[in-house]
There are 2 protein chains.
Amino acid sequence: MLLDDSIGFLINRTGRRVSQLFALRLSPTGVTTEQWSVLARLCEEDGISQKDLAHRVGKDQTNVTRILDQLERKELIVRRVNPEDRRSYLPSVTDSGRRAYEEIAPIEENVIRLISEGIPPEQLAALKELLSRIADNASSHLNDDRPE
Amino acid sequence: MLLDDSIGFLINRTGRRVSQLFALRLSPTGVTTEQWSVLARLCEEDGISQKDLAHRVGKDQTNVTRILDQLERKELIVRRVNPEDRRSYLPSVTDSGRRAYEEIAPIEENVIRLISEGIPPEQLAALKELLSRIADNASSHLNDDRPE
DNA sequence: ATAATTTAGTTGCTATAACAACTACTTTTC
DNA sequence: GAAAAGTAGTTGTTATAGCAACTAAATTAT
């Protein structure tokens, strides 16, 4: 089978391109694409633990730790201790973080518009479905392989 | 717009999962998923420059340099000087590299089978089309933005 | 109630991504 | 044909991905 027929390869190559374009448009804001995903998720659901946050963005917990470090350094979030459980933090978006969110959201929507050019909405919806399906398939086999 | 509705986010999240599963299955071989993509491409078209290779795998030239470093360290490829142009190399797969390719190809096909479970072939084909379209859209806007 | 286990988060490590700046070699220009 | 411009590859740097091992706190078991 040729590389160009491998869905895995195609997904990742496309993802890199999209991120590259998005990163270019984000560069004036000083926020990276992955920092954006974490910040956006936090804006959507504030007051969740880092572990839950990691789950919501589909990232490893260690990566979320480091992305939060960056966001905290930029004062876009703060880590509040969880009064219920002193092992955990409840990261929370600062006012400055909210403003960054408001600034970036339209940039992202524009990038999405650009990369979706010429693709009808039904097909886009179908694409999202398929990607979710593939992610789920991969997850379930990941669990098979490591029966901790 | 919610993060879960962002195609960019969905593509990258799915790509990470797929790579994670593939990496797990590749771990006994000592080759990473990205090293695989470069090795596979080289097996498909031997005797191309690093620049062309980078283009074919959709990676930055600097990343290909470093991935080739890894593959060379593992003796899966060698860099031959290009007699036509002494600035460039023509990376070439070794016998050992070919054997690795033969070993890994079925592993990859199996991973693709797993992640495609329950998706009819026409839909998979449509998915590939859409991903290519999106990658092309992103590329064309990348060029717009940096008119060097 | 204390020891054993589990869990949230972090740190260490290696690989990859991408930009900028650099070296060495080619091609163009005049 | 020598200087100028361009090109192939590398190196430096910062950010992310993910595994393993660690710390500290919570939960469970006895």
When you check the gap from the basic side-chain N to the acidic O, do B:E102 and B:R99 get nearer than 4.0 Å? no
Does B:N63 have a side-chain nitrogen or oxygen under 4.0 Å from the phosphate oxygens OP1 or OP2 of C:dT16? no
Is any side-chain N or O of B:K59 closer than 4.0 Å to OP1 or OP2 of C:dA17? yes
Nucleotide-resolved protein contact map, nucleotides 7-14 of chain C, B/S/- at heavy-atom distance under 4.0 Å: BSBBBBB-
When you measure from the side chain of A:S49 to the backbone of A:D52, do you find a donor-acceptor pair of N or O atoms at a distance under 3.5 Å? yes
Rounded to whole angstroms, how far apart are CZ on B:F22 and P on C:dA15? 17 Å
Spacing of A:R16 atom CZ relative to D:dA17 atom P, expressed in whole Å: 14 Å
Whichever of A:P83 and A:T33 has the more 5' nearest nucleotide on DNA chain D, that residue is A:T33
Kindly indicate whether the side chain of A:V18, heavy atoms from C-beta on, has any atom under 4.5 Å from the side chain of B:I7. no
A:L26 vs A:W36 side-chain heavy atoms within contact, under 4.5 Å: yes
Separation of B:L71 atom CG from D:dG9 atom P, in whole Å? 15 Å
Any side-chain heavy-atom pair of B:K59 and B:I67 under 4.5 Å: yes
Please determine, for the side chain of A:D60, which listed nucleotide (D:dG18, C:dA17, C:dT16) has the closest atom? D:dG18
Tell me, do B:I11 and A:I11 make a side-chain contact under 4.5 Å, heavy atoms counted? yes
